[in-house]
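Accompanying notes for the structure given below.
Keep in mind it's a predicted model, so treat the numbers as computed, not measured. Here, residue 1 is the first one in the sequence, and each next residue gets the next number.
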Amino acid sequence: MPFGRRKGCHLRVIGEGLGWANVRVCACLPEGSRILYYLSRLDRKPLERLIEDEVIRPTLKLREARQLVAQFRGETLKTRSVRAVLRERLRRLAEYFAANLADLSAEDLEVAEAQLTRVIEQIGTRKLLALSPRRLAS
């Protein structure tokens with residue numbers, strides 16, 4: 001198969017959940033198998049109504065589809081805070097550099113340093129902007 005087992009399972013769920021859809025309905029659906037996977041977990045009647053009401057549209061994002069399905073199924077989504085996501089990404093970036101620094105070429109190190117410096121400068125600028133109103137108030 002040109003895809004993994006998990007993707008195959010997702011495609012099976014999509015086929016079972018949306019196998020009834022005709023060309024007109026498919027034209028109203030968003031692209032992307034992950035979005036379709038979530039939408040296919042809805043029953044046909046609510047799905048048809050959401051398509052008619054244009055809640056489900058081609059520009060629907062994955063996050064919106066997940067929230068919509070959770071709402072209809074009476075579930076709550078586990079969402080992580082922005083701070084938790086930031087810490088996780090920074091941890092993974094630090095781990096990447098710790099594991100791969102010795103294998104990076106001088107050119108790769110230059111590119112990484114330039115990009116990271118740019119990010120640090122953006123953070124510094126944002127910190128100054130955030131602190132400025134406080135300084136003015138003092």
Side-chain angles (χ1 to χ4, degrees):
M1 287 192 302
F3 46 80
R5 187 178 287 163
R6 185 178 188 113
K7 175 93 169 196
C9 290
H10 279 190
L11 293 173
R12 182 181 51 79
V13 170
I14 293 168
E16 290 171 357
L18 297 174
W20 56 268
N22 59 26
V23 175
R24 184 190 62 79
V25 171
C26 289
C28 299
L29 295 174
E31 293 182 16
S33 61
R34 290 190 67 198
I35 298 173
L36 294 176
Y37 168 76
Y38 284 102
L39 295 178
S40 67
R41 296 169 62 202
L42 290 173
D43 290 331
R44 180 176 177 169
K45 291 293 179 191
L47 190 61
E48 287 177 327
R49 191 175 73 244
L50 290 169
I51 291 170
E52 286 175 20
D53 295 343
E54 295 182 5
V55 173
I56 295 176
R57 60 202 178 285
T59 58
L60 188 74
K61 304 287 184 226
L62 177 61
R63 178 180 42 80
E64 296 169 326
R66 289 183 67 210
Q67 288 173 341
L68 191 63
V69 172
Q71 175 186 342
F72 266 80
R73 295 180 72 168
E75 301 169 353
T76 56
L77 286 179
K78 295 178 186 174
T79 57
R80 297 187 313 166
S81 69
V82 172
R83 181 176 291 160
V85 171
L86 172 66
R87 287 183 178 163
E88 173 65 15
R89 288 186 179 191
L90 290 172
R91 183 191 63 75
R92 288 178 45 209
L93 181 64
E95 285 178 0
Y96 171 81
F97 277 108
N100 297 297
L101 203 54
D103 299 329
L104 296 176
S105 69
E107 184 181 344
D108 292 337
L109 292 171
E110 292 275 336
V111 169
E113 184 179 34
Q115 288 284 19
L116 291 172
T117 300
R118 194 172 303 124
V119 169
I120 289 169
E121 289 170 353
Q122 289 173 345
I123 291 169
T125 301
R126 180 65 185 110
K127 273 177 59 178
L128 285 175
L129 290 173
L131 292 175
S132 293
R134 292 182 190 157
R135 287 186 184 166
L136 292 174
S138 313

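For residues 85-111, the pairs satisfying salt bridge (Lys or Arg N to Asp or Glu O under 4.0 Å) are Glu88-Arg91, Arg91-Glu95, with sequence neighbours left out. Evaluation of the salt bridge (Lys or Arg N to Asp or Glu O under 4.0 Å) test over residues 8-21, restricted to residues two or more places apart or in two chains, returns Arg12-Glu16. A salt bridge (Lys or Arg N to Asp or Glu O under 4.0 Å) check over residues 63-76, counting only residues at least two apart or in different chains, returns the pairs Arg57-Glu64, Arg73-Glu75. Sorted by first and then second residue, the salt bridge (Lys or Arg N to Asp or Glu O under 4.0 Å) pairs involving residues 18-40 (not counting sequence neighbours) form an empty list.
Leu93 and Val85 fall into different hydrophobic clusters, where Ile, Leu, Val, Met, Phe, Trp and Tyr side chains are chained together by heavy-atom contacts under 4.5 Å.
Residues passing the side chain to side chain contact (heavy atoms under 4.5 Å, CB included) test with Thr125 are Leu129, sequence neighbours excluded. Tyr96 pairs by the side chain to side chain contact (heavy atoms under 4.5 Å, CB included) definition with Asn100, Leu104, not counting sequence neighbours. With sequence neighbours excluded, no residue satisfies ring-ring contact (aromatic ring centres under 6.0 Å, His included) with Tyr38. Remark: Glu48 engages Trp20, Arg44, Lys45 in a side chain to side chain contact (heavy atoms under 4.5 Å, CB included) (not counting sequence neighbours). With sequence neighbours excluded, no residue forms a side-chain hydrogen bond (donor to acceptor under 3.5 Å, both in side chains) with Lys61. Applying the side chain to side chain contact (heavy atoms under 4.5 Å, CB included) test to Leu90 and every residue at least two apart in sequence or in another chain returns Leu86.
Here the side chains of Leu11 and Phe3 are in contact, with some heavy-atom distance below 4.5 Å.
Between atom CD1 of residue Ile56 and atom CG of residue Leu42 there is a gap of 6.0 Å, rounded to the nearest 0.5 Å. The line from CD of Glu54 to SG of Cys28 is 7.5 Å long, rounded to the nearest 0.5 Å.
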Can you list, pair by pair, the side-chain donor-acceptor contacts under 3.5 Å of residues 114-124, counting residues two or more places apart and other chains?
{"from": "Gln115", "atom 1": "OE1", "to": "Arg118", "atom 2": "NH1", "distance (Å)": "2.8"}
{"from": "Thr117", "atom 1": "OG1", "to": "Glu113", "atom 2": "O", "distance (Å)": "2.6"}

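Exactly one of Leu39, Leu68, Leu60 qualifies for a side chain to side chain contact (heavy atoms under 4.5 Å, CB included) with Leu50. That residue is Leu68. For the side chain to side chain contact (heavy atoms under 4.5 Å, CB included) with Ser40, the lone residue among Ile35, Leu29, Leu18 that qualifies is Leu18.
Think of Val111 as one node in a network of Ile, Leu, Val, Met, Phe, Trp and Tyr side chains linked at under 4.5 Å; it has no links at all.
Side chain of Asn22 to main chain of Val25: a donor-acceptor pair is present (N/O by atom type, distance under 3.5 Å, no hydrogens or angles).
In terms of heavy-atom proximity, Cys26 sits nearest to Ala21 at SG-CB, 4.0 Å.
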